[in-house]
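These notes concern the structure reproduced below.
Basis for what follows: all heavy atoms, side chains included, without hydrogens, waters or symmetry-related copies. Proteins come first, then strands; the chains are lettered A, B, ... in the order of their sequence lines, and each starts at number 1.
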Amino acid sequence: MDYFIKNIVSLLKEGTNLPENEIEKFIEIPPDFKMGDYAFPCYTLSKIFKKSPNIIAAELSNTLQIIINKHPPVSPIFKERYRGIAEIKAIGPYVNFFVDKVTFSELVLKTISEERDGYGNKTLGKEKTVVVDFSSPNIAKHLAVHHLRSALIGNAIRNIYKTLGYTCVGINHLGDWGTQFGQLIVAYKKWGSENAHKTYTVTDLNNLYVRFHQEAEKNPGLEDEARAWFKKLESGDFEAKDLWQHFKDISLKEFQKIYDMLGIHFDAFVGESFYNTMVEDTITRIKEKGLAKVSEQALIIDLEPYNMPPCLLRKKDDTTLYATRDIAAAEYRKKTYDFDKMIYVVGSEQKLHFNQFFKVLELMGYDWANNCVHVDFGLMKFKDGKMSTRKGKVVLLEDLLIEAVERIRKIIEGKNPSLENKETVARDVGIGAVIFADLCTKRNKDVVFDWDEVLNFEGETGPYIQYTHARLCSILRKYGKPVTADIQFALLKEDESILLIKNLVQFPSVIIKAAEFYEPSLICNYLIDVCGSLNRFYNAHRVLSDDEELTTARILLVDVTRQVIRNGLTILGMQAPEQM
RNA sequence: GCGCCCGUAGCUCAGCUGGAUAGAGCAACGGUUUCCUAAACCGUAGGUCAAAGGUUCAAAUCCUUUCGGGCGCACCA
């Protein structure tokens, strides 16, 4: 915690004459709490003083002890500076500091119990705006499990930044424009029946899409037809536009259903088509800057000097590509939101695209180009290969979510048949399990989709976190009185309590780190740690007892832990049921 | 061919902005419930940190090379 580190650093400064920021970098947390709460390694000093680090550590710990002793305990300087440091001990090459447990517990528990839902919140991002572009699926296809990643990671990152005080704009950059709609129209005109599009479902659209790609393999001429239809669409042809609108409406309805199940909402739901009217101006600006040139009949920006393939602005038939629309969208967003940072949560297979796109923004002279980041993530695939909508090789997201809820429902019947609100709980826990399973590994690893793994509910899983939360709620319900922070902190002296409090104090810094690395998995791992500590505490000590003082003390610990778990789950986009 | 990512226990992963004995979960085996939810907890077993060099007082962590896997490289998004 800042308070103790600050005191240790200022003490070390007096003892070593090193600058404070140097010292702070070295401070670490020992691998075992029995060795100390904080440690200062003496390897660097050993170089300066040409003595072995072990000897330095021993000498330094004596020096520090003397410094502390010099300050009369009544002195206000002593109180301010060295309050909270209980013991200094040299172990091998380290000087280890033991913090006063009572001061420590009081500080941490009081802070959390005052800040409640706001614990972990910061003002780092005050007056700053972050745009998060996430989910962004292509329309006319079902949402499948591989669409989960962008939606969940993006949603969590938005929440992380929100917690740090940023104004966040979550944008769903729907893939609702491009040659694929030419393909769909061709397929519809060839194999769909007249006016059938009015009763179509996404499944029908999906089938058309799959069939197009099957037939196009035998008959490459279809691709040309598709491009021609897209050209018509882009130049405002009535029939094309009408069909496109229908297809889009059908898709949006289905998407909304899934987003509701996942509890994800967007501040802006604008697809690529929205920027269609702006691309002309964008291309003009690019031309004026002398960046565009014609190559193989297409309009491109040469990126050879930067060791990248060219960025295509217009195909030889004059229609635009998604890079063109991305550039227009970026300009529009800068104008509209004046963001300080724009985050694109898109799979790592598009890394090159974003490198090209960001380079173009830079070449256009936009100094905000380096405030754009591509937050990439690994591919989701099956054991035997890539998921593919074209080949119908997918697991539909809706099916997964329904199955998850269904399995939880069965577990509830087995474990807690008298539970109220079974439906709500099954949904919260089932969906939560899916969310947690996806978020809990570092985002840039590829994931192999496995039903049993996603729907495992024991160990390091979403239900484990939620279960721990529900247990705590249950204790608080039984206690039935208001929780007070006016307790005897010395009573929370067992190892299990102290280790738990040590976990709780980390929360704010974990959020900051998660934001820095755009890494929601850090929050997941953190929650697993907290729940592990809590469950060990729970198992070793009874909270509710005849000892009133002890009960009030432990109840406070239970209450703030519950609070931290809840705050963490909220960031991940999960519910925190009070019973399960 | 070129570029990027990944390679840690049987499986899934933490640890990677260098530091004290490489940590969890799942699976296996054994234990814990007259007591606040056993969706929990404890124990046993399981590791040449892909390989080889290098930098350093110190390398799973940094650098180089090799091997293995994934992804991407002009008219799809």
Side-chain angles (χ1 to χ4, degrees), chain A residues 25-26 28 30-32 35 39 41 43-44 46-47 52-53 91-94 96 136-138 175 177-180 182-183 223 226-227 230 272 295-300 307-317 319-323 325-326 346-353 355 376 378-379 381 386 408 411-412 414-416 419 429 437 440-442 444-448 450 452-453 456-461 463-468 470-479 516-517 521-522 524-525 528-529 531-532 534-536 538-545 554 558 579-580:
Chain A
K25 272 192 293 189
F26 286 119
E28 48 188 77
D32 186 333
M35 302 165 97
Y43 303 103
T44 314
S46 116
K47 234 180 219 168
S52 94
I91 303 179
Y94 291 86
N96 288 11
S136 308
N138 290 336
W177 206 247
T179 311
Q180 48 177 325
Q183 296 170 348
E223 297 280 9
R227 277 189 278 270
F230 177 55
E272 293 186 65
S295 166
E296 297 172 29
Q297 300 172 61
L299 187 67
I300 68 154
N307 288 321
M308 284 187 274
C311 174
L312 267 80
L313 297 172
R314 278 191 198 285
K315 296 182 274 194
K316 60 186 171 200
D317 67 3
T319 54
T320 59
L321 287 110
Y322 83 135
R325 297 188 286 274
D326 269 348
V346 180
S348 58
E349 69 274 16
Q350 293 202 41
K351 189 138 203 147
L352 177 60
H353 163 71
N355 285 340
D376 61 341
L379 216 60
K381 51 189 179 172
K386 209 171 163 173
I408 294 291
I411 292 175
I412 291 173
K415 291 183 191 286
N416 197 355
L419 180 68
V429 177
C440 75
T441 60
K442 279 178 73 170
N444 73 354
K445 294 218 178 190
D446 287 349
V447 290
V448 174
D450 180 2
D452 291 336
E453 220 165 277
N456 171 30
F457 305 131
E458 275 163 28
E460 297 173 341
T461 64
Y464 171 68
I465 311 290
Q466 290 169 317
Y467 173 73
T468 306
R471 273 184 140 179
L472 297 178
C473 290
S474 171
I475 296 177
L476 290 164
R477 264 196 310 277
K478 290 223 161 76
Y479 179 66
E516 187 186 347
F517 293 98
S521 67
L522 293 174
C524 296
N525 293 333
I528 288 170
D529 284 347
C531 290
L534 182 279
N535 282 316
R536 273 185 289 278
Y538 181 98
N539 209 260
H541 309 288
R542 242 195 107 73
V543 177
L544 304 173
S545 71
R554 287 184 176 165
V558 163
Q579 296 183 55
M580 62 187 270

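- Residue A:Lys478 is in sugar-phosphate contact alone, with no base atom involved, counting any heavy-atom pair closer than 4.0 Å across all strands shown.
- For B:A74, the OP1/OP2 oxygens have no side-chain nitrogen or oxygen of A:Arg314 closer than 4.0 Å.
- Note on A:Ile300: a base of the nucleic acid sits closer than 4.0 angstrom, heavy atoms only.
- Close to B:A40, at under 4.0 Å from its OP1 or OP2, lies no side-chain N or O of A:Arg536.
- Applying the 4.0 Å criterion to OP1 and OP2 of B:C36, one finds that A:Arg554 has every side-chain N and O outside that range.
- In terms of phosphate contacts, A:Lys442 brings no side-chain nitrogen or oxygen within less than 4.0 Å of OP1 or OP2 of B:C6.
- Between A:Asn444 and B:C6 there is a side-chain polar atom (N or O) within less than 4.0 angstrom of OP1 or OP2.
- Across B:A77, B:G72, B:C41, the shortest atom-to-atom separation from the side chain of A:Leu321 is found for B:A77.
- Put simply, A:Thr179 has a side-chain N or O that comes within less than 4.0 Å of OP1 or OP2 on B:C76.
- Residue contacts shown for A:Ala323 are absent, as no nucleic acid heavy atom lies under 4.0 Å away.
- Here B:U21 presents its C1' atom at 13 Å from CD1 of A:Ile91, a figure rounded to the nearest Å.
- Taking the side chain of A:Pro31 as heavy atoms from C-beta on, and the options B:A20, B:A40, B:A77, the nearest nucleotide is B:A20.
- If you check every strand for non-hydrogen atoms under 4.0 Å, A:Gln350 touches a base.
- A:Pro30 comes within 4.0 angstrom of a base, heavy atoms only.
- Evaluation of atom-type donor-acceptor distances gives a pair under 3.5 Å for the side chain of A:Asn96 against the base of B:A20.
- Between B:U17, B:A14, B:C26, one nucleotide has an atom nearer to the side chain of A:Phe517 than all others, and that is B:U17.
- Looking at A:Lys351 and A:Asp376, a side-chain N of the basic residue comes within less than 4.0 Å of a carboxylate O on the acidic one, giving a salt bridge.
- Across all strands shown, A:Asn307 has no heavy atoms under 4.0 Å from either base or sugar-phosphate atoms.
- For A:Ser295 and B:A74, a side-chain-to-base donor-acceptor distance below 3.5 Å is present, hydrogens and geometry of angles not being considered.
- Phosphate proximity of B:A24 to A:Tyr464: absent, as no side-chain N or O sits under 4.0 Å from OP1 or OP2.
- Among the nucleotides B:A40, B:G72, B:C13, the one closest to any side-chain atom of A:Asn539 is B:A40.
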